[in-house]
Amino acid sequence: MWNLKTVVIAAALIAVPSVAFADPSGVWLRETGESRVQIAPCGGGAYCGKVVWLKDPKNSKSKVGQQVFFGMKPNGANQWSGSAFNPDDGKTYSGTMQLSGSRLTTAGCVLGGLICRSVNWSKVN
C-alpha cells in the first residue's frame with residue numbers, strides 16, 4: 001500500500017524539472033563571416049568541430065578540414081567544455097561552447113579560465 005511518505009517523494013520527483021541538453025550539431029558561421037565550422041558528435045558523448053569553409057583560404061592560417069574544437073562534453077544545460085585550437089597562434093586552449101537559440105558562443109581560455117577570448121557563431125544549417 002502507498003504511504004504518505006512514498007506519495008510525497010513521488011510527487012517531488014515528478015515536479016523536479018529535468019535538464020535538457022540541446023544539440024550543437026550543424027554548420028556555424030563566425031560573426032566576422034570569415035569562416036564556417038561543422039560541429040558533430042565525435043564519440044564518448046562529446047562534440048568536435050572542424051573548419052568546413054573559409055571566405056579567403058589563401059590568406060588564412062586555418063585550413064579547411066582542420067579540427068578546432070575537441071572533446072566538448074556537456075557541462076550544464078546547453079554548455080560544453082573541452083579544448084579549442086587557435087589556428088592564428090597554433091595553440092590549444094581550454095575551451096567552452098554555449099548554445100542560445102541559433103547562436104553559439106565559443107571561448108578559449110588560459111590561467112584556469114581567468115583570461116578568455118569569445119567568438120560568436122550563427123547557425124547556417
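When side chains are defined from C-beta on, Pro87 counts as touching Gln66, because their heavy atoms get closer than 4.5 Å. The closest side-chain heavy-atom distance from Tyr93 to Cys109 is not below 4.5 Å. Counting heavy atoms from C-beta outward, Thr105 and Ser100 have side chains that stay 4.5 Å or more apart.
The two residues Cys42 and Gly71 make their nearest non-hydrogen contact at SG-N, 4.4 Å. Nearest heavy-atom pair across Asn86 and Asp88 is OD1-N, 2.8 Å. Taking every heavy atom of both residues into account, Lys73 and Ala46 meet most closely at CG-CB, 3.7 Å. Across all their heavy atoms, Ala107 and Ala84 have their closest contact at O-CB, 4.4 Å. Shortest non-hydrogen contact noted between Met97 and Pro24 is CE-CG, 4.0 Å.
In this structure, CZ on Phe69 lies 11.5 Å from OG1 on Thr92, to the nearest 0.5 angstrom. Atom CD1 of Ile39 sits about 7.5 Å away from atom CH2 of Trp121, to the nearest 0.5 Å. Taking CE from Met72 and OG1 from Thr96, the interatomic distance works out to 6.5 Å, rounded to the nearest 0.5 Å. Considering CD1 of Ile115 and OG of Ser94, their distance stands at 12.5 Å, rounded to 0.5 Å.
No option in Leu104, Val52, Val119, Thr106 other than Leu104 meets the side-chain contact (heavy atoms from CB on, under 4.5 Å) test with Trp28.
Annotation: side-chain hydrogen bond (donor to acceptor under 3.5 Å, both in side chains) contacts involving residues 30-42, sequence neighbours excluded, comprise Glu31-Asn120.
At distances below 3.5 Å, at least one donor-acceptor pair connects side-chain atoms of Asn78 with backbone N or O atoms of Ala22. With hydrogens and angles ignored, the 3.5 Å screen pairs no side-chain donor or acceptor of Lys123 with any backbone N or O of Gly101.
Hydrophobic clustering (side-chain heavy atoms under 4.5 Å, transitive across Ile, Leu, Val, Met, Phe, Trp, Tyr) keeps Tyr47 apart from Leu29.
In this structure, the side-chain contact (heavy atoms from CB on, under 4.5 Å) partners of Phe70, at least two apart in sequence or on a different chain, are Gln67, Ser83, Phe85.
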(request) Determine, step by step, whether Val37 and Val27 satisfy the side-chain contact (heavy atoms from CB on, under 4.5 Å) criterion, reporting the C-alpha distance in whole Å, the side-chain angles of both residues, the deciding distance to 0.1 Å, and the verdict. (result) CA-CA 6 Å; Val37 297; Val27 176; over 6 Å; no
